[in-house]
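To keep things clear, I will list the structure first and then write my remarks on it.
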Number of protein chains: 2
Amino acid sequence: MINYTDILREHNLKATPQRLAIANTLYTNGHITIDSLYEVMVEKFNAISLATIYKNINLMLENSFIKEVKLPNAKSVYELTQAPHSHLVCTKCSAIEDITIDLNSIIDTVTKTSSFKVDSTNLVLSGICKKCSNN
Amino acid sequence: MINYTDILREHNLKATPQRLAIANTLYTNGHITIDSLYEVMVEKFNAISLATIYKNINLMLENSFIKEVKLPNAKSVYELTQAPHSHLVCTKCSAIEDITIDLNSIIDTVTKTSSFKVDSTNLVLSGICKKCSNN
DNA sequence: TTATTAAATGATAAAAATTATCATTTAAAT
DNA sequence: ATTTAAATGATAATTTTTATCATTTAATAA
Ligand SMILES: [Mn+2]
Ligand SMILES: [Mn+2]
Ligand SMILES: [Zn+2]
Ligand SMILES: [Zn+2]
């Protein structure tokens with residue numbers, strides 16, 4: 001159980017018990033949908049409102065405390081903001097893995113060939129994870 | 001005005017006037033949201049139902065006649081299925097450009113370092129387009 | 001052609017997802 | 001301890017998407 005009080009405040013977010021729990025849920029689960037997050041949160045706060053989940057997710061996104069990951073053929077998942085990274089998604093078991101890939105050579109090529117200035121990247125690779133290729 | 005009758009049928013879709021119009025709208029506009037597509041379609045069929053748009057978009061996705069492109073901080077856009085390609089999105093003017101990038105070296109690296117078998121890629125690069133960097 | 005039929009459409013209701021409102025509570029700063 | 005702006009929970013409202021169903025129509029074959 002990590003204490004996210006200071007990090008929340010650094011992102012201009014009051015450190016409420018609900019937000020601390022959201023942060024820890026994201027830390028524990030890695031990537032989670034709104035629905036799953038709500039389910040987990042109800043365990044911890046039996047009277048929490050779904051509106052609180054939505055409001056906090058939106059605020060946390062605006063303040064870059066979390067990031068949204070849009071996946072093909074699935075609902076978005078949310079994660080704590082970390083160093084930029086890409087995602088591997090298994091089409092069999094839906095597992096999501098983080099992976100750090102150096103995209104600089106690609107960005108350079110794009111810059112040269114299209115005169116488009118790349119600021120950020122979003123890469124999702126779909127396929128079969130290690131576990132599923134064995135089973 | 002391209003005639004999409006045969007191509008629709010190849011995808012097991014009856015060539016209705018509404019579907020032919022959707023296909024041509026996608027061909028003309030390139031990438032379009034559900035809302036914009038509906039607006040354009042109402043011009044051509046003043047009594048078209050929004051349900052028809054949704055049902056056709058979903059069917060066309062299932063039959064791979066079209067693809068969905070999920071963008072950061074924006075609604076999904078839809079496009080006719082083409083050769084796999086990536087997207088450039090301008091954060092100033094929201095313009096979307098197609099770009100073909102060879103990702104094989106990246107896929108190879110991922111396969112070797114993570115034993116994950118990559119089947120398909122989804123890459124969106126955000127930044128400033130040529131037009132916006134000049135203005 | 002005309003007849004047949006499964007599928008598509010449009011109108012609408014229903015459901016699901018998200019946001020707005022507001023009285024009450026609370027975190028954070030005095 | 002007081003103050004206050006913000007957060008929460010309850011709920012309504014809105015938005016988005018899907019389901020239902022009577023009617024129409026595209027595709028096939030007589
Ligand atoms: Mn991640
Ligand atoms: Mn495209
Ligand atoms: Zn798997
Ligand atoms: Zn631009």
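All values reported here derive from a predicted model rather than from experimental measurement. Numbers restart at 1 for each chain; the letters A, B, ... are given by sequence-line order, proteins then strands.
For the pair B/Leu50 CG and C/dA8 P, the computed distance is 18 Å after rounding to whole Å. Atom CG in A/Leu59 sits roughly 13 Å away from atom C1' in C/dT19 (whole-Å rounding). Rounded to whole Å, the distance from CD on B/Glu39 to P on D/dT16 is 12 Å. Computed from coordinates, the B/Asn56 CG to C/dA7 C1' distance equals 11 Å when rounded to whole Å. Residue B/Ile57 contributes atom CD1, which lies 14 Å from atom C1' of D/dT16 at whole-angstrom precision. Between A/Ile48 atom CD1 and C/dT26 atom P there is a gap of 14 Å when expressed in whole angstrom units. One can place CG of B/Leu8 at 9 Å from P of D/dA27, the figure rounded to the nearest angstrom. Atom CD1 of A/Ile53 and atom P of D/dT8 are 9 Å apart (whole Å).
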Walk me through whether A/Glu97 and A/Cys129 qualify under side chain to side chain contact (heavy atoms under 4.5 Å, CB included). CA-CA 9 Å; A/Glu97 291 176 50; A/Cys129 76; 3.9 Å; yes

With side-chain hydrogen bond (donor to acceptor under 3.5 Å, both in side chains) as the test, would you mind laying out the steps for A/Glu68 and A/Ser76 before giving the verdict? CA-CA 7 Å; A/Glu68 179 176 7; A/Ser76 290; 2.7 Å; yes

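In terms of phosphate contacts, A/Tyr54 brings a side-chain nitrogen or oxygen within less than 4.0 Å of OP1 or OP2 of C/dT18. A close approach under 4.0 Å does not occur between any side-chain nitrogen or oxygen of A/Asn12 and OP1 or OP2 of D/dA6. Taking 4.0 angstrom as the limit, B/Asn58 places none of its side-chain polar atoms (N or O) nearer than this to OP1 or OP2 of D/dT17.
Counting only heavy atoms from C-beta outward, the side chains of B/Thr25 and B/Met41 approach each other to under 4.5 Å. At a threshold of 4.5 Å between non-hydrogen side-chain atoms, the residues B/Glu79 and B/His85 count as touching. Here the side chains of B/Asp98 and B/His87 are in contact, with some heavy-atom distance below 4.5 Å.
The side chain to side chain donor-acceptor pair (under 3.5 Å) test applied to A/Asp102 returns A/Asn104, not counting sequence neighbours. Scanning for side chain to side chain donor-acceptor pair (under 3.5 Å) contacts around B/Thr113 gives an empty result, with sequence neighbours left out.
The shortest non-hydrogen separation linking A/Tyr4 to A/Leu20 is C-CD2, 3.7 Å. Shown here for B/Lys92 and B/Cys132, the closest heavy-atom pair between the two residues is CB-SG, 3.6 Å.
Using a distance-only test at 3.5 Å, with no hydrogens or angles considered, no donor-acceptor pair links the side chain of A/Thr121 to the main chain of B/Leu125. Looking only at distances, a side-chain donor or acceptor of B/Ser133 sits under 3.5 Å from a matching main-chain atom of B/Lys130.
Annotation: proximity of residues 17-38 of chain B to DNA chain D (heavy atom, distance under 4.0 Å) is found for B/Pro17, numbered in ascending order. Heavy-atom distances under 4.0 Å link DNA chain D to no residue of residues 61-74 of chain B.
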Table of protein N/O atoms under 3.5 Å from nucleotides 20-24 of chain C N/O atoms:
none

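Cluster note: B/Leu71 groups with B/Val69, B/Val77, B/Val89, B/Ile96, B/Val124 through ILVMFWY side-chain heavy atoms spaced under 4.5 Å, whether in direct contact or through intervening members.
Listed nucleotides: D/dA5, C/dA8, D/dT16. Nearest to the side chain of B/Lys14: C/dA8. Counting only heavy atoms from C-beta on, A/Thr16 has its side chain closest to D/dA7 among D/dA7, D/dT18, C/dA8. If you check D/dT16, C/dT9, D/dG9 against the side chain of A/Thr52, the one that comes closest is D/dG9.
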